[in-house]
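Below: one structure in structure tokens.
Order of the sequence lines fixes the chain letters, A, B, ..., with proteins taken first and strands second; residue numbering starts at 1 for each chain.
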Number of protein chains: 2
Amino acid sequence: MKITYKGDYALKAVLALSVRYGTGVVTIHELASEADIPLKFLEQVLLELKRGGFVESKRGKIGGYLLAKHPAEIKVGDVVRFVDGPIEPITCVEKKYSGCRDIYKCAFRGIWQDVSKAISGIIDNVTFEDLARQIKKRQEAFSYSI
Amino acid sequence: MKITYKGDYALKAVLALSVRYGTGVVTIHELASEADIPLKFLEQVLLELKRGGFVESKRGKIGGYLLAKHPAEIKVGDVVRFVDGPIEPITCVEKKYSGCRDIYKCAFRGIWQDVSKAISGIIDNVTFEDLARQIKKRQEAFSYSI
DNA sequence: GTATACTCTACTAAGTTTATAGAGTTAGTA
DNA sequence: TACTAACTCTATAAACTTAGTAGAGTATAC
């Protein structure tokens with residue numbers, strides 16, 4: 001499992017949209033400057049997220065992006081797997097694999113399966129609602145402290 | 001975390017040497033054909049493992065490789081980290097990192113730290129003695145069944 | 001002194017990552 | 001209608017990583 005910049009950007013974009021869920025659209029430009037992401041790269045990431053059903057877009061002058069579902073329905077794992085591919089640390093643990101000629105000899109397979117399960121257990125148990133709530137709390141705490 | 005072919009080959013080589021621990025040296029050629037690894041690639045992997053203190057070599061006509069320590073003293077995690085680098089899924093969780101300008105905003109950091117801990121919890125709790133014992137058991141079971 | 005096996009450096013083809021460029025499309029509004 | 005702001009799509013490219021190959025060099029048993 002490796003989180004690439006693309007994956008990182010995707011997660012941050014979805015989180016930014018989660019925090020603003022229900023408040024209309026956000027432009028790529030806003031998202032890019034807020035999260036410090038190269039604009040043209042973010043364009044591609046958002047298009048991909050759209051194809052994946054995570055976000056929706058509105059074109060035209062007052063256009064922008066918004067979340068396609070409620071933040072509670074999007075897990076961190078969903079975005080990671082969609083953008084950066086399978087979380088398995090090695091190919092032989094992915095579902096369709098049928099490689100290892102003598103599978104009984106592959107002493108490591110069990111370990112990689114355990115690793116995969118452990119990772120899933122973490123990233124599939126955090127939704128963007130959880131993360132958005134954290135962010136909002138911090139923002140409140142910050143504004144009180146002024 | 002991603003296990004590359006190099007990492008995979010390294011693990012298999014160390015395991016093969018673990019199974020034969022105490023029985024003298026094994027040539028690269030034997031290891032390569034036993035584990036179906038390209039010979040010249042395995043050469044490099046073994047040299048690297050030697051520099052890492054995992055294996056020792058004996059040159060000359062009756063030369064070959066052997067484990068530098070007892071299999072019980074080598075964890076799977078040691079080899080993985082040495083050959084394929086840090087197991088952290090993203091740079092910002094590695095020890096020396098001091099990047100994130102506003103770390104309090106990085107809502108994902110905690111997740112990646114949890115993932116790292118979970119992976120470590122698995123790969124640092126399996127030694128090559130454990131794995132070698134498994135292999136030997138299977139070999140026995142196999143020979144009984146004939 | 002020769003065969004065998006490890007040592008070391010360099011090279012390369014292919015794939016992935018991280019962007020950048022630019023032309024095209026949609027929709028609000030003056 | 002014309003203009004503008006914003007999304008859409010395809011192509012390209014530099015840098016890096018991976019996986020493997022090549023070949024000359026060094027040590028040691030016999």
field: Atom-to-atom span, CG of B:Leu66 to C1' of C:dA5 - whole angstrom
entry: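 Rounding to the nearest Å, CG of B:Leu66 and C1' of C:dA5 are 14 Å apart.
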
query: Which part of the nucleic acid, if any, lies within contact of B:Ile28, taking any heavy atom under 4.0 Å across all strands shown: a base, the sugar-phosphate backbone alone, or nothing?
result: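 Answer is sugar-phosphate: B:Ile28 comes under 4.0 Å of backbone atoms only.
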
Nearest-nucleotide comparison on DNA chain D, the residue closer to the 5′ end among B:Pro38 and A:Glu43: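 Looking at the nearest nucleotide for each, A:Glu43 comes out on the 5' side.
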
query: More 5' along DNA chain C: B:Gly63 or A:Ile3, using each one's nearest nucleotide?
result: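 Residue closer to the 5' terminus by nearest nucleotide: B:Gly63.
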
query: Does the base of C:dT18 carry an N or O that pairs as donor and acceptor with the side chain of A:Gln44 under 3.5 Å?
result: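 No, no donor-acceptor pair under 3.5 Å.
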
- prompt: Looking at residues at least two apart in the chain, or sitting in another chain, which of them share a side-chain hydrogen bond (donor to acceptor under 3.5 Å, both in side chains) with B:Glu48?
  reply: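 Testing B:Glu48 for side-chain hydrogen bond (donor to acceptor under 3.5 Å, both in side chains), a comparison that skips the adjacent residues, returns B:Lys6.
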
field: A:Phe82 atom CZ, over 12 foreign heavy atoms within 6.0 Å
entry: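 Enclosed.
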
Sub-4.5 Å side-chain heavy-atom contact between B:Phe108 and B:Ile90: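 A side-chain contact under 4.5 Å is absent here.
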
Would you list the atom pairs, donor with acceptor, under 3.5 Å between side chains in residues 69-79 of chain B and any protein atom, with sequence neighbours excluded?
residue	atom	partner	partner atom	Å
B:His70	ND1	B:Ala72	N	3.0
B:Asp78	OD2	B:Lys75	N	3.0

Integer-rounded Å distance: C:dA19 P and A:Lys6 NZ: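 Distance, rounded to whole Å: 12 Å.
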
query: Between B:His29 (NE2) and C:dA5 (C1'), how many Å, whole number?
result: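 Nearest whole value for this atom pair: 11 Å.
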
query: Is the backbone N or O of A:Thr127 less than 3.5 Å from a side-chain atom of A:Asp130, with the two atoms forming a donor-acceptor pair by type?
result: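 Yes, because the side chain of A:Asp130 sits within donor-acceptor range (under 3.5 Å) of the backbone of A:Thr127.
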
query: Starting at CZ of B:Phe41 and ending at P of C:dT12, how long is that distance when rounded to a whole Å?
result: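 Distance check: B:Phe41 CZ to C:dT12 P gives 18 Å.
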
- prompt: Taking 4.0 angstrom as the limit, do A:Arg20 and A:Glu30 come out as a salt bridge?
  reply: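 Yes, A:Arg20 and A:Glu30 are salt-bridged.
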
message: Mind checking if B:Lys2 touches a base, just sugar-phosphate, or nothing, with heavy atoms under 4.0 Å?
response: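 B:Lys2: no heavy atom of the nucleic acid under 4.0 Å.
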
task: Could you run through nucleotides 25-30 of chain C and give me one letter per nucleotide, 5' to 3': B if any protein heavy atom sits under 4.0 Å from the base, S if only the sugar-phosphate is that close, - if neither?
output: BBBSS-

field: Outermost DNA chain D nucleotides near chain B [under 4.0 Å, heavy atoms]
entry: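 Using the under 4.0 Å cut-off, the span is D:dT18 to D:dC30.
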
message: For a quick test of reading the model: is some side-chain N or O of A:Tyr9 closer than 4.0 Å to OP1 or OP2 of C:dA19?
response: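 Yes, A:Tyr9 has a side-chain N/O under 4.0 Å of OP1/OP2 on C:dA19.
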
- prompt: How long is the line joining CG of A:Asp36 and C1' of C:dT18, in whole Å?
  reply: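 Whole-Å distance recorded here is 15 Å.
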
task: Answer yes or no: is there a side-chain heavy-atom contact under 4.5 Å between A:Leu131 and A:Ser18?
output: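 SC-SC contact between A:Leu131 and A:Ser18 ruled out.
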
task: Classify the nucleic acid contact of A:Tyr5 as base, sugar-phosphate or nothing, counting any heavy atom under 4.0 Å across all strands shown.
output: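 Answer is sugar-phosphate: A:Tyr5 comes under 4.0 Å of backbone atoms only.
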
task: Please name all residues satisfying side-chain hydrogen bond (donor to acceptor under 3.5 Å, both in side chains) with B:Asp114, sequence neighbours left out, ordered by chain then number.
output: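 B:Asp114: no side-chain hydrogen bond (donor to acceptor under 3.5 Å, both in side chains) contacts found.
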
message: Could you work out, with side-chain hydrogen bond (donor to acceptor under 3.5 Å, both in side chains) as the rule, every residue matching B:Ser33, not counting sequence neighbours?
response: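 side-chain hydrogen bond (donor to acceptor under 3.5 Å, both in side chains) list for B:Ser33, sorted by chain: empty.
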
